[in-house]
Amino acid sequence: MDLFATGFPGFIARTLLPRLVRDGDFERVVLLVEERFRAQAEPLARELFAGHPVEVVAGDITRPGLGIGKDARERLSRRPAQWWHMAAIYRLEVGLDLARRVNVEGTRHVVELAREAAVDRLHYVSTAYVSGSLTGRVMEDDLPRPRPGNFKNFYELTKNEAEWVVRGQMTEVPTTIYRFGVVTGDSRTGDTTKFDGPYFTIKYLDRWGGLPLPMIGKMDARINIVPIDYVLAAAGEISRQQDSAGKCFQIVDPDPITTGELFEVISRELGYGAPRWTISPEGMDRVMRYSLVRRLVGLPRQAMAYINHHVEYDCTNTTRALEGTGIVCPSARDYLPVLVRFYKENQHRKELHMDVR
């Protein structure tokens with residue numbers, strides 16, 4: 001069976017795909033990459049998939065047929081295959097036109113070609129935040145209608161629209177949907193390829209921790225972060241289960257940390273006292289409208305909504321699928337110190353930092 005994937009050499013793809021090949025029965029790996037990433041992708045693919053035939057194909061998911069020739073498309077349909085669609089624009093500040101072109105139309109083109117190729121299974125990487133502004137407990141099949149006012153940003157909106165596209169074809173294309181929480185570095189080593197998500201809070205407290213800093217917003221709001229090692233293990237295991245087709249799995253922390261706990265654990269690891277006063281979400285949003293403030297604080301304005309949003313994600317399907325496997329989500333309370341140490345040791349590496357404007 002072949003393994004075909006989009007999104008390489010992105011963080012999730014470069015870490016998940018080698019694990020799938022190692023644990024699965026794939027004879028050939030085919031990676032669709034943008035032409036601008038080809039020079040980087042080819043040697044990395046040979047290194048990661050040593051011992052397996054691997055083909056790097058230049059293409060573009062925003063174009064019908066993924067921008068590849070007829071011969072290449074026919075080769076994809078000649079053999080049984082598992083497809084993984086991971087390519088997407090993940091930036092919270094992305095504009096609507098670009099987000100729709102990549103996240104929605106790109107997904108539509110992948111699904112259409114997967115149907116044409118009669119794939120054995122399409123694995124689609126979504127996000128728990130397709131729930132938008134829903135509060136309370138969000139179930140694994142909850143998917144609100146894509147109305148712009150119901151989402152915190154265009155990333156969430158277009159990932160929601162993309163999941164509607166995928167679900168609309170699930171009777172014709174056997175599909176498994178994976179909704180990830182905010183993916184962090186490895187819970188054992190802290191290793192990551194970018195400092196975003198909880199790292200913004202680490203950066204904020206590390207930069208200004210000697211001052212009487214405020215807690216930003218609601219201390220009891222829960223933040224669903226999940227370490228990459230759990231994401232890889234859970235998604236890999238679920239993908240091998242025959243009965244996971246036609247289902248959605250929220251790969252999230254079943255007991256997520258609160259904003260208050262996040263600030264306290266990080267402050268303790270940095271050697272500072274935890275913030276003891278708060279600034280309201282509305283007040284913080286007002287000051288974060290200014291680019292100078294955002295650069296000084298080290299936080300993007302869009303991130304404010306995530307540490308002030310009361311939502312919890314049900315993961316019943318995931319828990320059942322992983323029962324008896326020994327795969328469990330570690331507590332952020334335990335591995336946050338590891339992430340902080342990795343940050344302190346690697347904060348000089350400019351390629352890991354996200355630009356805050």
Side-chain angles (χ1 to χ4, degrees), residues 11-12 88-94 99 103 125-138 142 144 148-160 179-185 192 194-205 213-228 231 250-266 275 278-289 293-294 297-315 329 332-333 335-336 339 343 353-357:
F11 179 43
I12 300 294
I89 291 284
Y90 292 99
R91 298 195 307 272
L92 300 183
E93 74 278 11
V94 66
N103 294 348
V125 173
S126 185
T127 171
Y129 295 95
V130 293
S131 60
S133 59
L134 291 181
T135 57
R137 193 160 189 84
V138 174
D142 286 344
N150 293 338
F151 297 88
K152 295 186 277 301
N153 48 63
F154 294 134
Y155 163 69
E156 286 188 353
L157 169 64
T158 55
K159 288 296 286 185
N160 172 283
R179 291 180 179 172
F180 297 161
V182 178
V183 181
T184 73
T192 184
K194 59 180 178 177
F195 290 142
D196 63 356
Y199 298 94
F200 287 131
T201 305
I202 297 173
K203 185 177 181 180
Y204 164 69
L205 291 171
L213 294 174
M215 186 81 71
I216 301 172
K218 303 171 182 177
M219 289 190 292
D220 59 343
R222 293 186 177 272
I223 306 172
N224 210 295
I225 58 177
V226 281
I228 185 62
V231 169
Q250 291 189 151
I251 299 180
V252 296
D253 187 337
D255 182 24
I257 196 168
T258 65
T259 299
E261 290 175 302
L262 180 78
F263 273 70
E264 287 180 8
V265 173
I266 294 174
T278 64
I279 183 171
S280 71
E282 297 77 17
M284 193 65 187
D285 185 66
R286 280 195 294 271
V287 299
M288 290 289 281
R289 293 174 185 174
V293 174
R294 294 195 294 272
V297 174
L299 292 168
R301 183 183 179 188
Q302 294 83 358
M304 296 298 99
Y306 291 90
I307 59 178
N308 291 297
H309 187 197
H310 286 284
V311 63
E312 294 185 42
Y313 295 99
D314 179 83
C315 52
C329 183
R333 301 164 186 84
Y335 67 78
L336 266 173
L339 302 189
Y343 176 85
H353 289 270
M354 304 290 288
D355 189 21
V356 177
R357 300 184 181 184

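A quick note: this is a predicted structure, and the numbers were derived from the prediction, not measured.
Under the 3.5 Å distance criterion, the side-chain polar atoms of H309 are matched with a main-chain donor or acceptor of L134. Of the possible polar contacts, one joining the Q250 side chain to the D314 backbone as a donor-acceptor pair under 3.5 Å is found. Judged by distance alone, with hydrogens and angles left aside, the side-chain atoms of E156 form a donor-acceptor pair with the main-chain N or O of K152 at under 3.5 Å. Using modelled atom types, no side-chain atom of R179 and backbone atom of S126 make a donor-acceptor pair closer than 3.5 Å. With hydrogens and angles disregarded, no donor-acceptor distance shorter than 3.5 Å links the side chain of N153 to the backbone of E93.
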What do the steps show when you test T192 against T184 for side chain to side chain contact (heavy atoms under 4.5 Å, CB included), and what is the final call? CA-CA 7 Å; T192 184; T184 73; over 6 Å; no

Could you go through L336 and L262, starting from their C-alpha distance and side-chain angles, then the distance that decides it, and tell me whether this counts as side chain to side chain contact (heavy atoms under 4.5 Å, CB included)? CA-CA 8 Å; L336 266 173; L262 180 78; 3.7 Å; yes

The test is side chain to side chain contact (heavy atoms under 4.5 Å, CB included); show your working for C329 and V226 and say whether it passes. CA-CA 7 Å; C329 183; V226 281; 4.1 Å; yes

Is there a side chain to side chain contact (heavy atoms under 4.5 Å, CB included) between D196 and Y90? Walk through the geometry before answering. CA-CA 11 Å; D196 63 356; Y90 292 99; over 6 Å; no

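Taking the side chain as every heavy atom from C-beta outward, L157 and N150 never approach each other to under 4.5 Å. In this structure the side chain of Y306 never reaches within 4.5 angstrom of the side chain of I225, judged on heavy atoms. Side chains of T259 and N308 form no contact here, defined as non-hydrogen atoms less than 4.5 Å apart. The side-chain heavy atoms of F263 and T201, taken from C-beta on, include a pair separated by under 4.5 Å. Counting heavy atoms from C-beta on, the side chains of V182 and P198 come closer than 4.5 Å. Taking the side chain as every heavy atom from C-beta outward, D220 and H310 approach each other to under 4.5 Å. When side chains are defined from C-beta on, F151 does not count as touching T158, because their heavy atoms never get closer than 4.5 Å.
Checking each of R333, E264, R222 against T258 for a side-chain contact (heavy atoms from CB on, under 4.5 Å) leaves exactly one that passes, namely R222.
Here the straight-line distance linking atom CE of M219 with atom CD of E261 works out to 11.5 Å at 0.5 Å rounding. For the atom pair CD1 of I223 and CD1 of I307, the computed distance is 6.0 Å after rounding to the nearest 0.5 Å.
When all heavy atoms of D253 and A332 are compared, the pair lying nearest together is OD2-N, 4.0 Å. Residues I89 and Y155 approach most closely at O-CD1, 3.1 Å, considering heavy atoms. Of all heavy-atom pairs spanning P144 and N160, the tightest one is O-ND2, 3.0 Å.
The aromatic ring centroids of Y129 and Y313 lie less than 6.0 Å from each other.
With sequence neighbours left out, the ring-ring contact (aromatic ring centres under 6.0 Å, His included) criterion links F195 to Y199, Y343, H353.
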